[in-house]
Protein chains: 2
Amino acid sequence: MSTTSVESVLQTLREHGLRMTPQRRAIVAEIMSTSGHISPSDVARRVRERVPGVNPSTVYRTLDLLEELGVLSHAHLESGAEYHHSSEAGHVHLVCSKCGGDESLSVAEGERLKDLISRRSGFHPDLTHFAISGLCAKCRRTAQAGRAS
Amino acid sequence: MSTTSVESVLQTLREHGLRMTPQRRAIVAEIMSTSGHISPSDVARRVRERVPGVNPSTVYRTLDLLEELGVLSHAHLESGAEYHHSSEAGHVHLVCSKCGGDESLSVAEGERLKDLISRRSGFHPDLTHFAISGLCAKCRRTAQAGRAS
DNA sequence: GTCGTTGCAAAGCGTTTGCAACTAT
DNA sequence: ATAGTTGCAAACGCTTTGCAACGAC
């Protein structure tokens, strides 16, 4: 499936008069094989491990480009911007401030929340752009137990 | 009221065996006079304009300290971390991705949302820690008009 | 051959650190 | 006098930039 994605990206690039290079192939492959999200600097690091010589600046330029083309999206987590393939866009990130765990609200739940907010405030939120920080169920239980004792 | 705040901060510092210095006074004053939020580097810049010689590192250390003491909080907006006095914590930031406008969900609405999410997902969100990106009512209307034409 | 793409090297930016000097208490 | 605090200067990590060489088409 990673191959399929690379092919479709190649397609997209061609439609825009852009080119597929080994570097881009490596970068796309890296992100497509990542479930969840990954920071630009991590992409740079990992791509570099596999294909020595890929320059960080190329990674940054490629990420920007792929996002403009709609292949990738980024969201803001605690550690900063993180990229993921657009097929994973739509997920609302729930990041636990205690254990660092990263859950996802279902797309349906996300939509419901979105509608609710927009109906009440007139503001149309994109709940996927920023993560939502908080306590996961597990850490919350621990915290309560601590309080009780 | 700015004075009151500075006094109460002084109080807090004393309780912890810490000291009130001219630099801290300037930093606290700057933040207390800011309605809304301000980035660390902006605090550094502004404080510097008023009290030349205040080193950026002092600003960063002070912000960290004041946050640990509960005097300040920070939230993540598009531009990164932003500080505000704790009395303004509780606000859910709604940031328009088009015009950059920054609205607030009422505290009551925020609470309702929070309860709703936690009831459904088991995750207890702090909706104030990250902003919520989206389109404000105004920009959304513009966008729709554009689409219709 | 054209023109998009890359690597390089440098600079930019915000932020952090160690340490000696300073100062609020 | 004692510790907390500051400025300095350097280092840091991530990201961006200009430009000449390169290479996909």
Side-chain angles (χ1 to χ4, degrees), chain A residues 6-7 9-31 37-69 71-72 74-83, chain B residues 6-7 9-31 37-69 71-72 74-83:
Chain A
V6 172
E7 291 313 314
V9 173
L10 173 53
Q11 180 68 12
T12 306
L13 288 172
R14 284 214 169 110
E15 287 166 3
H16 291 260
L18 303 173
R19 297 168 188 174
M20 179 53 93
T21 65
Q23 292 89 336
R24 286 187 179 162
R25 228 179 273 282
I27 293 166
V28 170
E30 187 61 50
I31 296 197
H37 39 77
I38 182 171
S39 72
S41 50
D42 276 346
V43 175
R45 247 187 294 282
R46 289 198 209 165
V47 168
R48 212 156 192 179
E49 285 169 11
R50 304 190 186 200
V51 188
V54 177
N55 196 281
S57 59
T58 299
V59 173
Y60 287 100
R61 289 188 279 226
T62 300
L63 292 176
D64 282 352
L65 179 67
L66 294 179
E67 184 162 28
E68 278 169 27
L69 295 177
V71 175
L72 304 180
H74 78 268
H76 294 278
L77 307 195
E78 193 68 43
S79 47
E82 301 262 330
Y83 284 82
Chain B
V6 172
E7 290 314 313
V9 172
L10 173 54
Q11 179 67 13
T12 306
L13 288 171
R14 284 213 168 110
E15 286 166 3
H16 291 260
L18 302 174
R19 296 166 190 176
M20 178 54 93
T21 64
Q23 293 89 334
R24 284 187 180 161
R25 228 179 274 280
I27 294 167
V28 170
E30 187 61 51
I31 296 196
H37 38 77
I38 183 172
S39 71
S41 49
D42 276 345
V43 175
R45 248 186 295 281
R46 290 198 208 164
V47 168
R48 212 154 191 180
E49 286 168 11
R50 303 190 187 203
V51 188
V54 176
N55 197 280
S57 59
T58 299
V59 173
Y60 287 101
R61 289 188 278 227
T62 301
L63 291 176
D64 283 353
L65 179 68
L66 295 180
E67 184 162 28
E68 278 169 27
L69 295 178
V71 175
L72 304 180
H74 78 268
H76 294 277
L77 306 195
E78 194 68 42
S79 48
E82 300 263 331
Y83 285 82

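The shown structure was predicted, so the numbers you read here are calculated from the model rather than taken from an experiment. Below, chains carry the letters A, B, ... as their sequence lines are ordered, and counting in each starts from 1.
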**Study point:** For B:L65 against B:L18, the heavy-atom pair lying closest together
**Key:**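 That closest heavy-atom pairing would be CD1-CD1, 3.8 Å.
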
Practice item. Mind listing the closest non-hydrogen atom pair of B:I27 and B:T58 along with its distance? Key: CD1-O, 4.2 Å

Between [atom2] of [N] and [atom1] of [X], the distance in whole Å:
{"X": "A:L13", "N": "C:dT5", "atom1": "CG", "atom2": "P", "answer": "8 Å"}
{"X": "A:Q11", "N": "D:dA24", "atom1": "CD", "atom2": "P", "answer": "19 Å"}
{"X": "A:N55", "N": "D:dC22", "atom1": "CG", "atom2": "P", "answer": "15 Å"}
{"X": "A:L77", "N": "D:dC14", "atom1": "CG", "atom2": "C1'", "answer": "16 Å"}
{"X": "A:D64", "N": "D:dT16", "atom1": "CG", "atom2": "P", "answer": "6 Å"}
{"X": "A:R24", "N": "C:dG4", "atom1": "CZ", "atom2": "C1'", "answer": "7 Å"}
{"X": "A:Q23", "N": "C:dT6", "atom1": "CD", "atom2": "C1'", "answer": "6 Å"}
{"X": "A:R19", "N": "C:dC3", "atom1": "CZ", "atom2": "P", "answer": "9 Å"}

**Study point:** Nearest-0.5 Å distance that lies between atom CD in A:E30 and atom CD in A:E49
**Key:** 8.0 Å

Check your understanding: Atom CD1 in B:I38, atom NE2 in B:H74: separation rounded to 0.5 Å?
Key -> 15.0 Å

Contact class for [X] (heavy atom, under 4.0 Å): base, sugar-phosphate, or nothing?
{"X": "B:S39", "answer": "nothing"}
{"X": "B:R61", "answer": "base"}
{"X": "A:G17", "answer": "sugar-phosphate"}
{"X": "A:G80", "answer": "nothing"}
{"X": "A:R45", "answer": "sugar-phosphate"}
{"X": "B:P40", "answer": "sugar-phosphate"}

Review point. Of all the nucleotides listed (D:dG7, C:dT6, C:dT15), which has the minimum atom distance to the side chain of A:T21?
Key: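 Closest nucleotide to the A:T21 side chain: C:dT6.
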
**Study point:** Toward the 5' end of DNA chain C, by each residue's nearest nucleotide, B:P22 or A:T58
**Key:** A:T58

Review point. A:A81 or A:L10: which one's nearest nucleotide on DNA chain D is closer to the 5' end?
Key: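 Result of the comparison: A:A81.
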
Point to revise | Electrostatic pair A:R61:A:D64 at N-O distance under 4.0 angstrom | key: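 No, this pair does not count.
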
